[in-house]
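The structure under discussion appears below in the form of structure tokens.
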Amino acid sequence: MDEKSQVPIVNIANALTVLRLLLVPVFIWLLLEPTVERRWIAWAVFAIAAMTDQLDGYFARSRGLITNFGKLADSIADKFLILSAMIMASVNGWLWWWVTIVFIVRELGITIMRMAVVKKKVMAAGRGGKIKMFAQSLGIGGLIIPWHSFLPEALATGAVWICYALIAIALFFALTSAWEYIREASRLD
């Protein structure tokens with residue numbers, strides 16, 4: 001490909017990815033003092049950031065705006081957003097630390113492994129990884145919502161347990177998709 005036909009690095013897809021990265025510190029700051037109002041704003045920031053993940057992929061594919069920067073930055077932005085949400089949920093006592101640590105170890109391990117084998121093969125996210133991300137986003141997003149501030153106790157508790165169930169689904173797919181990545185990487189020799 002000659003230089004004139006290369007995709008410019010400054011495009012709508014990459015701008016949305018950078019926006020997601022910039023929203024992460026705002027999100028963290030909001031949850032450092034999780035009042036009801038700040039939790040709602042943090043939820044809105046999280047939701048907007050999560051939507052940019054779908055939009056940047058849509059624009060990149062539909063308009064031919066795929067760049068190496070975008071591929072790398074999109075993955076980093078996803079991990080920063082989700083892991084910061086899990087860490088803040090654990091800091092605030094809404095999620096068990098062991099769950100957050102399992103997800104962190106999984107993400108770091110798979111990222112390192114993908115980087116180690118990238119010259120042999122680019123390992124794209126599989127179906128299990130996509131299900132993990134979807135369930136994780138809904139579960140963590142749900143834990144940010146201050147259910148007890150507007151629902152009766154039983155309903156609020158039920159809503160929180162639905163979020164935990166979504167995170168359990170995400171954890172299952174995190175572990176099974178990690179195993180699939182490891183098997184695929186071991187076959188590359």
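All of these numbers come straight from a predicted model, not from anything done at the bench.
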Side-chain heavy atoms under 4.5 Å apart, restricted to Ile/Leu/Val/Met/Phe/Trp/Tyr: what other residues fall into the cluster of I169, or is it alone? I131, F172, F173
Beyond-backbone contact of H148 with V160, side-chain heavy atoms, under 4.5 angstrom: yes
Kindly state each residue pair satisfying salt bridge (Lys or Arg N to Asp or Glu O under 4.0 Å) with at least one member in residues 87-103, sequence neighbours excluded. none
Tell me the salt bridge (Lys or Arg N to Asp or Glu O under 4.0 Å) pairs involving residues 47-59, sequence neighbours left out? R20-D53, R20-D56
Which pairs count as salt bridge (Lys or Arg N to Asp or Glu O under 4.0 Å) when at least one residue sits in residues 141-160, sequence neighbours excluded? none
Only counting residues at least two apart or in another chain, list the ones meeting side chain to side chain contact (heavy atoms under 4.5 Å, CB included) with V99. M86, L95, W96, F103, I167
Using the side chain to side chain contact (heavy atoms under 4.5 Å, CB included) criterion, which residues pair with I145? Sequence neighbours excluded. W40, W43, W147, F150
Hits for side chain to side chain contact (heavy atoms under 4.5 Å, CB included) against Y58, two or more places apart or cross-chain, chain-then-number order -> S62
Looking at N11 and P8, would you say the former's side chain and the latter's main chain have a donor-acceptor pair under 3.5 Å? yes
For residues 60-73, which residue pairs pass the salt bridge (Lys or Arg N to Asp or Glu O under 4.0 Å) check, not counting sequence neighbours? none
Mind checking side-chain hydrogen bond (donor to acceptor under 3.5 Å, both in side chains) for R39 and listing every partner two or more places apart, or none if nothing turns up? none
Of all heavy-atom pairs linking R106 and S177, the shortest is NH2-OG, 2.5 Å
Residue pairs passing the side-chain hydrogen bond (donor to acceptor under 3.5 Å, both in side chains) test where at least one lies in residues 82-95, sequence neighbours excluded: S90-T100
Listed once per pair and sorted, the ring pair (Phe, Tyr, Trp, His ring centres under 6.0 Å) pairs that draw on residues 61-93, sequence neighbours left out: none
Holding to side chain to side chain contact (heavy atoms under 4.5 Å, CB included), I want the full list of residues that pass it with L23, two or more places apart in sequence or in another chain. L19, V45, I48, A49
Flag the pair E180 and R127 as a salt bridge only when some basic side-chain nitrogen lies within less than 4.0 angstrom of an acidic carboxylate oxygen. no
